[in-house]
Every structure is written in C-alpha cells, then in structure tokens.
Amino acid sequence: DAKLKLIGVLYRGKDAFLFTGQAGPDGDSQAFRTKFIETIQSLRGMTAADAQIANKQRIRVIVAEPDITYAGLAKETSIQRFPEETLRLLNAGHPYGEPRAGNYIKVVQ
C-alpha cells in the first residue's frame with residue numbers, strides 16, 4: 001500500500017506529459033514530493049548532443065541464454081546511466097525480474 005500517490009501533468013505547446021508516482025508505506029513523503037516535482041521540472045527538449053547519442057544507439061532483440069542476467073547485459077550495453085535498471089524497464093522486468101532462457105530480450109548497443 002502506498003503512503004503517498006502523486007499525479008502531475010506538464011503541458012508544453014500541444015503536448016501533455018503525464019507523471020505518476022508513489023511512495024511506499026515506509027517512504028519519506030516530503031522527500032518523495034520534492035523529488036517528484038524536481039523530476040517534472042527537469043523535462044526538457046533534446047539538445048544536439050542528446051540527438052547525437054540517441055542516433056548512435058540501437059535496440060536489438062536477442063534470445064536469452066540460460067545463464068543471462070540483466071547485470072551481465074548491463075556490462076555490455078551503451079546505456080551510460082542506470083543500465084541494468086533501464087534494461088529491466090525495456091523488458092518489463094523492473095524492479096527485480098531476470099530473463100528466462102528462450103525469452104526475447106531487448107538490448108541497447
């Protein structure tokens with residue numbers, strides 16, 4: 001059960017961005033509220049440098065081998081910030097899932 005749930009909507013021109021989040025029962029409500037607002041306020045357009053990085057990266061689909069883990073895949077990815085967590089999100093395994101042998105897994109190169 002959540003201690004605090006927040007929803008935020010940010011409008012930029014014709015676009016609307018919806019943010020949702022929650023602090024768990026043992027979470028710090030005030031710290032969560034502060035970070036949630038900071039996250040919303042940090043949304044920005046891509047810079048030329050961002051676009052250059054994004055254009056170099058590609059998603060590839062592989063078949064998981066029996067011993068594959070997100071931690072192992074994170075060591076080989078081009079994702080620089082939070083690689084293991086990002087791979088889990090891309091593959092619907094967040095926060096603790098692991099690939100099963102034979103699953104199709106998205107990796108970023």
Side-chain angles (χ1 to χ4, degrees):
D1 221 7
K3 184 175 191 176
L4 175 65
K5 294 181 180 182
L6 295 176
I7 297 173
V9 180
L10 179 65
Y11 295 96
R12 293 269 171 98
K14 293 188 264 182
D15 298 316
F17 300 89
L18 175 66
F19 297 82
T20 63
Q22 63 184 26
D26 298 326
D28 180 339
S29 295
Q30 188 54 46
F32 170 71
R33 183 183 308 274
T34 299
K35 290 294 183 185
F36 186 83
I37 292 168
E38 286 175 3
T39 299
I40 293 171
Q41 291 174 337
S42 72
L43 185 71
R44 62 176 177 75
M46 289 180 68
T47 65
D50 294 334
Q52 186 176 21
I53 291 169
N55 288 329
K56 288 182 181 177
Q57 294 178 319
R58 296 287 181 256
I59 294 178
R60 188 169 68 104
V61 178
I62 62 170
V63 178
E65 298 292 329
D67 59 346
I68 202 166
T69 64
Y70 287 116
L73 292 170
K75 293 176 183 176
E76 301 172 14
T77 187
S78 63
I79 301 170
Q80 294 179 4
R81 296 184 64 211
F82 309 108
E84 185 174 342
E85 294 85 350
T86 302
L87 290 169
R88 286 180 195 278
L89 282 170
L90 282 173
N91 290 287
H94 192 270
Y96 303 111
E98 290 294 343
R100 291 184 177 168
N103 283 3
Y104 291 103
I105 302 295
K106 294 178 271 274
V107 295
V108 180
Q109 297 180 322

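Everything numeric in this text was worked out from a predicted model, so none of it was measured.
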I'd like to know whether [atom1] of [X] has more than 12 heavy-atom contacts from other residues, nucleotides or ligands below 6.0 angstrom.
X     : atom1 : value
Glu38 : CD    : yes
Phe82 : CZ    : no
Lys35 : NZ    : no
Leu18 : CG    : yes

Please report the interatomic distance [atom1]([X]) to [atom2]([Y]), rounded to the nearest 0.5 Å.
X     : Y      : atom1 : atom2 : result
Thr77 : Gln109 : OG1   : CD    : 8.0 Å
Arg33 : Ile37  : CZ    : CD1   : 6.5 Å
Met46 : Asn55  : CE    : CG    : 7.0 Å

Q | ring-ring contact (aromatic ring centres under 6.0 Å, His included) contacts touching residues 83-104 (sequence neighbours left out) | A |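 Listed by first then second residue: nothing to list.
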Which pair of heavy atoms, one from [X] and one from [Y], lies closest together, and at what distance?
X      : Y     : value
Gly8   : Ile40 : CA-CD1, 4.0 Å
Asn91  : Tyr70 : CB-OH, 3.1 Å
Ala74  : Glu84 : CB-N, 3.6 Å
Thr20  : Phe36 : C-CE1, 3.7 Å
Ala16  : Val9  : CB-CG1, 4.4 Å
Ala101 : Pro66 : CB-CA, 3.7 Å

Could you see if [X] belongs to whatever hydrophobic cluster contains [Y]? Use Ile, Leu, Val, Met, Phe, Trp, Tyr and a side-chain cutoff under 4.5 Å.
X     : Y      : value
Leu89 : Val108 : no
Val61 : Val107 : no
Tyr11 : Ile7   : yes
Ile79 : Ile62  : yes

**Q.** Residue pairs fulfilling salt bridge (charged side-chain N to carboxylate O under 4.0 Å, His left out) with at least one residue in residues 93-109, sequence neighbours excluded
**A.**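 Matches after skipping sequence neighbours: Arg88-Glu98.
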**Q.** Leu73 side chain reached by Ile105 side chain, heavy atoms, under 4.5 Å
**A.**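 Side chain of Ile105 against side chain of Leu73, heavy atoms only: contact under 4.5 Å found.
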**Q.** Test side-chain contact (heavy atoms from CB on, under 4.5 Å) applied to Thr47 - qualifying residues, sequence neighbours left out
**A.**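 With neighbours one apart ignored, the set is Arg44, Ala49, Asp50.
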